[in-house]
Amino acid sequence: WDETHFGKMGSYYINRTFFFDVHPPLGKMLIGLAGYLSGYDGTFPFQKPGDRYEQHNYMGMRGFCAFLGSCLVPFAYLTVLELSKSLPAALLTAFIIIFDTGCITLSQYILLDPILMFFLMGAVLSMVKCNSCADRPFSASWWFWLSLTGVNLAGAMGVKFVGLFVVLLVGLNTIYDLWDLLGNLSLSLVMLWKHLLARVLCLILLPLALYTAMFAVHFTVLNKSGPGDGFFSSAFQSQLIGNNLHNVSVPEHLAYGSVVTMKNLRMAGGYLHSHWHLYPEGVGARQQQVTAYLHKDLNNLWIIKKHDSDADPSDPLSPVEFVRHGDIIRLEHKETSRNLHSHQHEAPLTRKHFQVTGYGINGSGDSNDFWRIEVVGRRTGKLIKVLRSQVRLTHVATGCILGSSGKTLPKWGWEQVEVTCTPYLKETPNSLWNFEDHINPKLPNISLDVLKPSFAEILLESHMVMIRGTSGLKPKDNEVTSKPWHWPINYQGLRFSGVNETDFRVYLLGNPVIWWLNLVTIGLYLLIAVSTAVTLKRGVQLTPELKELARIVLRGGGQITLGWLLHYLPFFMMGRVLYFHHYFPAMLFSSMLTGITWDALLKFCAGFLLPSTTARKVYGGGFLTLILLIVYSFYLFHPLSYGMIGPMASDPSSPMAGLRWMDSWEF
Amino acid sequence: MLGLLKKPVVVTAEINLNLVALTLLGLLSRLWGLSYPRAVVFDEVYYGQFISLYMKRIFFVDDSGPPLGHMLLALGGYLGGFDGNFLWNRIGAEYTLNVPVWSLRLLPALAGALCVPLAYQILVEMHFSHCAALGAALLILLENSLITQSRFMLLESILIFFILLAVLSYLKFYNLPRSSSFSGSWWFWLLLTGAACACAVGVKYMGLFTYLLLLALAGLHFWHMIGDQSFSNVSLICHFLARGLALLLIPLAMYLSFFYLHLTLLYRSGPHDQIMSSAFQASLEGGLARITQGQPLEVAYGSQITLRNVLGKPMQCWLHSHPNTYPIRYENGRGSSHQQQVTCYPFKDVNNWWIVKDPGMQQLVVSNPPRPVRHGHVVQLVHGITTRYLNTHDVAAPLSPHSQEVSCYIDYNISMPAQNLWRVEIVNRESDSEVWKTILSEVRFVHLNTSAVLKASALSGASLPEWGYRQLEVVGEKLSKGYHQSMLWNVEEHRYGKSQEQKEREVELHSPTQMDLSKNLSFMAKFTELQWKILTLKNEDTEHKYSSSALDWITMDTNIAYWLHPTSAAQIHLLGNVATWTSANLAALLYAGLSLCYVVRRRRQICDIPEDAWQLWLSAGGISLGGWAVNYLPFFLMEKTLFLYHYLPALTFQILLIPIVLQHLSDHLCRSVLLKSMFSGLTIAWFSSVYFVYCTFSPVTYGQPSLSASELRALRWKDSWNILLRKQ
C-alpha cells in the first residue's frame with residue numbers, strides 16, 4: 001500500500017535524487033537512513049502494491065518503523081502514570097495500545113505514521129514530565145524535559161504537518177503555565193522573564209532551528225535532478241545536478257530582440273506555446289492556437305519586439321535596448337512569426353475569459369498584439385531579470401491579463417493547457433510568468449549561480465509548494481472517501497494489501513471493542529467532567545481523596561481531551577482527501593483518556609463501599625474485566641493485522657465471517 | 001370596581017427624544033428617494049426572481065440560505081400588490097409599472113433604519129453614557145455601505161437588524177434585577193432573544209455565528225450563577241430550563257416554522273423540481289404530480305414502471321433502452337457483447353418503460369389480486385417496447401472498464417447465456433418483508449450471478465459517444481462500496497399492465513397513466529429533504545468581477561458597483577465610510593492592546609482602573625469585538641465566492657466598539673481636565689471628518705446627483721476601487 005510511496009522516497013534519499021512530496025522531509029529521511037544502515041541499496045522500484053521484495057533488504061526499514069511504533073506503549077504508559085499517579089490506569093492504557101489491531105498494523109510497515117506518532121507521544125510525555133517538574137524550575141531534569149519537548153515538536157512537525165496540532169497543544173499548555181506563574185506574586189519580575197525566555201528558547205527557537213536544519217540536510221542530500229523538478233521554479237531547478245538549467249549561463253536582463261521562453265508560475269504550469277494549427281470552427285476566431293505546454297520544445301520560443309518599430313533588433317549594429325517595466329511590447333512566435341494576440345472572443349473553455357491567438361504574418365499585425373509588460377512589486381523603468389522577475393502581461397486594448405487557466409484542451413488542442421486573457425484583474429500565479437531561457441548574442445552571459453536562491457528562499461518555496469500540493473489533494477468525483485465522523489466509530493477500514501481470496505490480506509481496522517470502549521469513554525468523561533466542575537463551582541465540601549480525584553479528572557483528563565479535540569476536529573474543516581489512518585494520533589489520546597476516566601470512575605464508585613477490602617476488590621475486579629475483555633477481543637481480531645488468507649468475510653464460510661459486525665467492513 | 005374609578009386614569013409617558021430623533025434620522029437616510037433608481041440594482045436580479053416565484057406560488061430551492069429572508073422580501077411585494085410578472089434577467093433593466101418598487105424595498109430599508117436606534121439602546125444597556133450611545137448611533141447612521149445595502153431588495157440589513165435585536169434583548173434580559181426573575185418582562189426579553197436569533201439564522205446562515213456567541217454568553221453568565229451560593233439548587237434548575245426553552249427550543253421551532261410556511265406557500269411545481277426526489281415532486285401541484293396522481297402504490301409482478309436514478313446529479317435520468325446495440329469494437333479497440341444498449345436517459349420517453357416479471361411465470365400482466373414485489377424478491381426486468389430482458393455479464397462497460405456492461409439480452413447463440421435475474425433490495429425499508437412502493441422506495445438491483453449492482457455512472461458527467469446518442473452510461477458495479485445514491489433507483493411512473501399482446505401493450509405504454517389514489521409526504525420528511533439539499537447543493541465556483549477575498553475587507557480595498565444610469569454618470573456603489581472603517585480598525589487594535597496590558601497587570605495585582613470599570617470594559621468589548629470576530633473570521637475558512645457585503649454584520653459590531661474605546665479613553669486615561677477637554681475637541685473634529693466623508697460619498701451611495709467625470713475621478717481614493725467612468 002503506501003509503502004510504495006514512502007519506501008520509494010527512502011530510496012530517493014539513498015540515490016540522492018530530488019523528489020517532491022507534500023510532507024516535510026524528516027520521516028522519509030529517517031526511513032532512508034534506516035534503510036541505508038541496514039544495507040538496503042535503494043534499487044527496488046516500489047512500483048505497485050503487492051510486488052515482492054525478492055532479495056532486497058527491507059527489514060531494516062520495517063523494523064525501524066515497528067520499533068518506533070512499539071515505543072508508543074511505554075510513552076503512553078508513562079504519560080498516564082504521570083497524569084493520574086495510578087498504576088492501573090497506566091496499565092489499562094498500555095494494554096489498549098498493545099492490543100489494538102489498528103496500531104499494530106499501522107506500525108508494521110514503512111509508513112510515516114509510526115514516526116509521527118512516536119514524536120507526538122514523545123512531545124506529550126516530555127511536556128507532562130516537565131509540568132511535574134514545575135516545583136523545581138531550572139533544575140537539570142526540568143531543562144532536560146523542556147528541551148526534549150522542543151526536540152520532539154520539531155520531529156513531529158518535520159514528519160507531517162499534522163504535527164502542528166501537537167505544537168498547538170504544547171503551546172496552549174505553556175500559555176496556561178505562564179499565566180499561572182504570572183499570578184504567583186511571590187515570583188519576581190526577573191524570575192518571570194527567565195521563565196518566559198527559557199520557554200521561548202526551548203519551545204520556539206530550538207524546534208525552529210532543528211526544523212530548518214532538517215531542510216538543510218534534505219536539500220544537501222538531494223542534489224541530483226529527479227522526478228520532483230517540475231514542481232519547482234526555474235531558479236530552484238538550476239540548483240540540481242542533471243537538470244538542464246544546471247550551470248546554464250544566460251544574459252541576466254531582458255532586451256529587445258531576445259529569444260525567450262516563458263513559464264507560467266502556477267503549480268506545474270507550462271511554457272507559453274504556439275503551433276501552426278488553428279482553433280477549430282466555432283471556437284472563437286479561426287486563428288492560430290496559443291497554449292501552455294509542459295515540455296521543452298522549439299515552439300516555446302518567442303521573440304520580444306518593440307510595439308512600434310519593426311526594425312530588426314538583431315542587427316548587430318543597433319545598440320542593445322533593455323526591456324523595462326511598463327514597456328509596451330509585441331511577442332512574436334519564432335517558428336511561425338505570428339504575434340501573440342487577444343481579442344474580445346470568448347476563450348475555448350473558460351467562457352468568461354478572452355481568447356488568445358497567434359495573429360499576423362511575419363510579425364506585422366494590429367494593435368491587438370500589444371502587451372504591457374509589468375514586474376510584480378516593481379516601479380516603472382526597472383530592468384527585467386531572467387528567471388527571477390515575476391512578470392504580468394496586460395493586453396493594451398482590452399485591459400485583460402495573459403494567464404493559463406489550467407484546463408486541458410480537447411483533442412484539437414493536442415491536450416495542451418488552455419491559455420486565456422482574463423479580464424478579472426487579480427493577483428494569482430495563473431496570470432504570472434517568468435522568463436526561463438533567454439538567448440541574445442549581444443549580451444554577456446552570466447552564470448546562473450549568481451542568481452542562486454538563498455537558503456531562506458528555497459525553504460520558503462518548498463513550503464509554498466508543499467502547501468499548494470496538500471490543498472491540491474481534492475477528492476475526485478466518484479471516489480468514495482472516508483469522512484471524519486466514520487473514524488471514532490471504526491466504520492470503515494483501509495485495505496493494506498491483498499484484494500482477492502487467495503491473497504495474504506492485511507486490513508487496517510481498529511480493534512472494535514477497544515474503539516467502542518474509547519468512544520463510550522469520551523461521552524462518560526464529558527459527563528463526569530461537567531458534573532465535577534459543577535460540584536466544585538457549587539462549593540460542595542469534598543474529602544481530600546475526592547478533591548485529588550477531581551483534580552486529576554479536570555487537569556489531567558482536560559489536557560488529554562484537549563489533545564484529542566485538537567487532533568480530530570480540524571479534519572472536519574479540511575477539504576483534502578482524508579483517510580482512516582489520520583485518526584490514529586487522536587486515537588492515542590482517546591486511549592489515554594480511557595485509562596484516566598475508568599480509573600477515576602472505579603475509584604469513585606469503590607469509595608462508596610465501606611470495608612476497604614471490598615472496595616479494593618471491586619476496583620481491581622473492574623480493571624481485570626476491562627483488560628480481559630481487551631485481550632480476548634484481540635485474540636478474535638488479531639488476523640486483521642497479522643494477515644488473513646481465505647475467502648472474504650462477506651462469504652459466510654470464512655473464519656472471519658462471524659466477526660464482520662458492521663456491513664462496511666471489507667476483510 | 002369603584003375603587004378603580006376613584007383614582008384618575010393617568011398615563012405617564014417617558015419619551016427619549018434622542019431615540020425618537022435618531023429613528024427619524026435613520027428613516028430619513030434610508031427611505032429618502034427609495035424608489036430611485038427604477039431599475040434592477042445588483043443582486044435584486046437574484047432575489048427578485050424568488051419574490052416573483054413566491055407571488056406565483058412556484059416551488060424553488062435557493063442554496064444560499066433559509067427562506068425567511070426571501071419570504072420577508074416577498075411580503076413587501078405582497079403588500080404592494082405585486083403580481084410577480086417581471087423578467088429578472090439583467091442588472092439595470094427598467095422596472096415595468098406593475099412592480100411596486102417602493103414597497104418591495106421598504107422592508108430592508110426599515111430594518112436598516114431601525115439599526116440606528118438599536119445601536120443606541122445597546123450601548124445604553126452596556127452601561128455607557130448617552131453621549132457614547134449617541135455616537136454609536138450616528139456612526140451607524142452615517143455609514144455609507146450600510147445605507148446602500150439597506151436601500152435595495154437585499155438581505156443584509158434585515159440580518160443585521162435581527163442580530164442587533166438579539167443582542168439588545170439579551171442585554172435587557174441580563175440587566176433586569178434579580179428580583180424580577182420569571183416576571184413578565186423577564187420572559188419577554190428572554191423569548192425575544194431566542195426569537196430574534198431564530199430570525200437571524202432564518203435570514204442567512206451567517207446569523208448562526210451571532211447566535212452561538214449569545215449562547216456562549218448565556219452559558220458564561222449561567223456558570224457565574226452556579227457559583228453563586230445564594231441561588232438554591234431548585235431555582236438554578238428552573239433558570240436553566242427556562243433558558244434552554246427560550247434559547248434552544250423556541251429558535252428550533254421557529255426555524256421549522258419558517259420552512260413550514262415556505263412549503264405551504266409554494267405548492268406549485270417549478271424550475272427546480274428535478275433537484276428534489278420523486279416523492280417530493282409528487283407533492284407539488286402540477287409537474288410530476290399531474291402524472292403520478294392516482295397511480296397504484298405497490299409494485300406488483302406485471303407492473304409497468306419507469307425507474308429514476310435517485311442521485312439526480314448532474315441531471316435526473318431514467319433507466320432506458322433502445323433497439324440499437326453496443327458497437328462490436330469501441331474506439332479504443334476493446335470489444336463489447338454487441339447486445340442492446342441500456343443507458344440512463346435524461347428525458348421522458350416511451351423507451352423508459354420496464355415491466356416487472358416473475359422469473360417463474362411467463363405472463364406480463366398483473367394477476368388479480370396483484371402479487372406485490374417485496375424486499376429480497378428476485379425479478380426480471382423486461383424492456384416494454386423491445387421485450388428484451390435487462391442483463392449484465394462479465395464484459396467491460398463502454399466508459400468505465402472496471403465495471404460490468406449492462407445490456408438487454410440478445411441471444412446470439414455464442415455460449416453467452418442470459419444472466420437476467422435481479423434481486424430487489426429496498427434500502428430505506430422499515431421491515432425485511434416490505435413491499436416495493438412507487439416513488440417512496442429506494443431500490444438496489446443486485447445481479448444474482450455476479451452480485452453486481454445496477455448503477456448509473458453519471459457522476460463524472462461523461463456521456464456515451466455518438467453510437468449511444470450521448471446518453472448516460474449504466475453499468476453493473478462489482479464491488480458494493482457502501483450505498484451510493486447512484487446505485488439507487490425509484491419507481492416514478494407506474495401502472496398495472498393489462499395487455500397480453502405486445503401490440504396492445506405498446507399502445508398501453510404510450511398512453512398516460514391514470515388511476516386514483518393519493519399520498520403525501522409528511523412535513524418533517526419534506527423539511528429534511530429540502531434542508532439537506534440547501535446545505536449540500538453547491539453552485540460551481542463562479543468568478544465574479546466584484547468578488548473579493550476576506551482580507552480585502554478590513555482595509556476596504558474593494559468596492560462593488562451596484563448600478564449605473566443608462567445614460568448619465570449617476571451610479572451606485574457599495575462603498576464604506578473610510579473614516580469610520582479606519583477608526584473602527586484602530587479601535588479594535590487599541591482595545592486588544594489595552595486589554596492585554598490590563599489583564600497582565602491585573603494578574604500581578606496592579607489595578608489601573610476600578611473593578612466595575614474593568615467589568616464594563618470586558619463585557620462591552622467582549623460583545624462587540626466578539627461579534628466582529630465571529631462574523632468575520634469564519635469567512636477565511638469558506639470556499640465560496642465572497643463579496644464585500646458579507647463583511648457588513650462584522651463591521652456593525654466593530655463600529656459599536658469605537659464609542660466604547662473613546663469613552664474609556666476619556667474617562668480613565670485623560671486624567672486632567674485639560675486633557676479631557678482636548679480629547680473632546682479631538683473627538684468632535686474626528687466626528688466631523690466622518691460626516692464630511694459621508695457627504696462626499698453620498699452621491700454614489702444614493703445614486704444622485706450625477707457627478708462629472710473629474711468629480712468621479714476625485715472620489716477614487718484608492719487605486720483598487722472601481723468607479724465607473726464613461727468613455728467620451
Side-chain angles (χ1 to χ4, degrees), chain A residues 178-189 192 196 350-353 399-400 403 405 411 420 422-428 430 471 474 476-483 486 491-492 495 499 530-531 533-540 570 572-575 648 650-651 662-666, chain B residues 222-233 236-237 240 311 313-314 331 399-400 402-403 451 455 457-462 475 477-484 486-487 542-549 552 557-558 599-606 634 636-639 641 719-720 722:
Chain A
L178 283 173
W179 184 244
D180 237 20
L181 291 173
L182 191 67
N184 186 349
L185 289 179
S186 61
L187 286 179
S188 68
L189 271 180
L192 271 181
L196 182 67
T350 317
R351 290 294 154 105
K352 286 186 171 174
H353 295 181
C400 59
S405 67
K411 276 247 174 59
T420 62
T422 158
Y424 307 119
L425 314 173
K426 251 179 268 155
E427 204 78 337
T428 59
N430 287 5
S471 53
K474 288 270 160 60
K476 296 176 201 77
D477 284 347
N478 245 342
E479 204 172 31
V480 181
T481 51
S482 138
K483 301 271 184 322
H486 289 167
Y491 177 77
Q492 205 172 23
R495 205 177 286 117
V499 178
V530 168
S531 44
V534 169
T535 319
L536 289 181
K537 186 84 183 173
R538 288 297 286 169
V540 177
F572 281 97
M573 289 186 283
M574 285 189 197
M648 309 290 281
S650 46
D651 181 346
M662 279 172 91
D663 280 344
S664 47
W665 296 349
E666 305 157 323
Chain B
F222 187 68
W223 184 246
H224 290 318
M225 281 171 70
I226 290 180
D228 188 345
Q229 301 293 334
S230 56
F231 282 102
S232 73
N233 285 343
L236 267 187
I237 291 175
F240 184 74
L311 182 64
K313 272 186 263 180
E331 290 89 335
L399 295 180
S400 354
H402 299 295
S403 311
S451 67
K455 173 188 170 188
S457 63
L459 252 188
S460 50
V475 299
E477 179 77 39
K478 261 177 270 183
L479 287 169
S480 51
K481 288 190 202 122
Y483 294 113
H484 195 266
S486 63
M487 299 180 187
T542 45
E543 214 176 353
H544 191 283
K545 188 162 183 210
Y546 289 105
S547 66
S548 48
S549 77
D552 298 339
D557 277 338
T558 164
V599 87
V600 169
R601 284 168 66 84
R602 284 180 70 83
R603 189 74 187 166
R604 300 296 291 179
Q605 304 288 331
I606 309 166
F636 285 97
L637 298 174
M638 285 185 200
E639 286 180 351
T641 323
D719 287 342
S720 49
N722 206 340

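Per chain, numbering begins at 1; letters A, B, ... match sequence-line order.
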Residue B:Met225 versus chain A: region with a heavy atom under 4.5 Å
backbone
Closest heavy-atom contact between B:Ser548 and B:Thr558?
CB-CG2, 3.6 Å
Atom CG of A:Leu189 and atom CG of A:Leu196: how far apart are they, to the nearest 0.5 Å?
11.5 Å
With only heavy atoms counted, which part of A:Leu192 is less than 4.5 Å from chain B, the side chain, the backbone, both or neither?
side chain
Could you state the interatomic distance from CG (A:Leu182) to CD (B:Gln605), rounded to the nearest 0.5 Å?
10.0 Å
Contacting region of A:Leu181 [heavy-atom separation from chain B under 4.5 Å]
backbone
Turns out that what part of B:Asp228 lies under 4.5 Å from chain A's heavy atoms comes down to backbone
Under a 4.5 Å heavy-atom cut-off, does chain A meet the side chain of B:Ile226, its backbone, both or neither?
both
Interatomic spacing from CG in A:Asp180 to CG in A:Leu187 - rounded to 0.5 Å:
10.5 Å
Between the CZ atom in B:Phe231 and the CZ atom in A:Arg538, the distance rounded to the nearest 0.5 Å is 9.0 Å
